[in-house]
Amino acid sequence: MTEGTAKKFMFVNRTAPYGTAYALESLEVVLISAAFDQDVSLVFIDDGVFQLKKGQQTKGIETKNFSPTYRALEGYDVEKLYVDQESLVARGLTEADLIVDVTVLPSRELGALMDEQDVVLSF
Amino acid sequence: MKFGILVNEGPYQHQASDSAYLFCKAALAKGHEIHRVFFYHDGVNNSTRLTEPPQDDRNIVSRWTKLAEAHGVDLVVCVAAALRRGIREENLAPGFRISGLGQLVESGIEADRLVVFGD
């Protein structure tokens with residue numbers, strides 16, 4: 001599929017990685033949509049910013065640590081990762097705490113970006 | 001307009017599947033097309049024929065079945081999310097089918113609007 005016919009898909013991740021299945025199952029759709037050659041971007045907002053936190057240790061909760069998958073996204077040509085600045089600051093985090101390179105944007109700019117999308121999936 | 005629908009929550013626990021159903025009914029009544037309803041996350045629990053609500057309550061599962069029968073709506077259940085939650089071919093209600101996440105992405109590509117029902 002050529003650039004001209006691909007749709008803009010945005011995945012909005014709003015939940016912490018392990019309290020619910022949303023984060024893991026969102027990642028599964030992201031990988032599939034990349035396989036469909038769509039223009040994919042990811043947004044991390046609210047507790048969703050914790051999905052990208054470095055040093056996740058899940059042994060104690062007997063759950064698979066899926067955070068390394070975010071580092072593999074580049075291999076699927078998913079390179080547009082945006083993090084909401086206010087959400088990051090409110091949780092005492094900085095870009096240096098995250099396992100992948102992201103673009104940190106204020107809410108207003110994220111809103112403008114959402115406006116440009118064809119499909120917005122929120123998890 | 002051609003709508004794709006995504007249902008992310010289980011029946012009875014959450015209003016999302018009720019809202020999605022009512023949205024579909026209203027859209028069809030207005031002459032719109034429902035391209036597909038895709039069930040993901042706990043939404044896959046909308047598809048089990050083992051559901052038996054009390055007599056005086058709505059039957060969410062059979063409502064979907066009737067919608068599929070009356071309007072040919074394609075009801076697709078995500079295979080990975082379904083298997084995790086014990087939903088398999090043999091306990092699917094009529095009108096539902098199990099398939100992959102590609103069906104959701106395809107719905108996003110083909111529909112004019114993809115509407116998400118969930119938390």
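Only a predicted model underlies this, so the values are computations on that prediction, with no experimental measurement involved. Letters A, B, ... mirror the listed sequences (proteins, then strands); counts begin at 1.
At a threshold of 4.0 Å, the pair B:R85-A:E25 counts as salt-bridged, since one of the basic side-chain nitrogens sits closer than that to a carboxylate oxygen. Taking a cutoff of 4.0 Å between a charged side-chain nitrogen and a carboxylate oxygen, A:E28 and B:R84 qualify as a salt bridge.
Of the two parts of B:R113, neither the backbone nor the side chain holds a non-hydrogen atom closer than 4.5 Å to a non-hydrogen atom of chain A. Heavy-atom distances place the side chain of A:F9, and not its backbone, under 4.5 Å from chain B. Looking at A:L24, only its side chain comes within 4.5 Å of chain B, counting heavy atoms on both sides.
The side chain to side chain donor-acceptor pair (under 3.5 Å) with B:S107 is formed by just one residue from the set B:H35, B:K2, B:R36; it is B:H35.
In terms of heavy-atom proximity, B:G4 sits nearest to B:A111 at N-CB, 3.4 Å.
At most 12 heavy atoms of other shown residues, nucleotides or ligands fall within 6.0 angstrom of atom NZ in B:K66. When the shell of 6.0 Å around CD of B:Q15 is examined, it contains 12 or fewer heavy atoms from other residues, nucleotides or ligands. Applying the 6.0 Å contact sphere to CZ of A:R91 captures more than 12 heavy atoms from other residues, nucleotides or ligands. Other residues, nucleotides and ligands contribute more than 12 heavy atoms inside 6.0 Å of the CD atom of B:E90.
Of residues 39-65 of chain B, those residues lying under 4.5 Å from chain A by any heavy-atom pair are B:Y40, B:H41. Of residues 115-123 of chain A, those residues lying under 4.5 Å from chain B by any heavy-atom pair are A:V119, A:V120, A:L121, A:S122, A:F123.
Cluster annotation: B:L92 and B:V7 are assigned to the same hydrophobic cluster (Ile/Leu/Val/Met/Phe/Trp/Tyr, side-chain heavy-atom contacts under 4.5 Å, transitive).
Using a 4.5 Å heavy-atom threshold, the side chains of A:E74 and A:Y76 count as separate.
A side-chain donor-acceptor contact under 3.5 Å links B:E9 to the backbone of B:D119.
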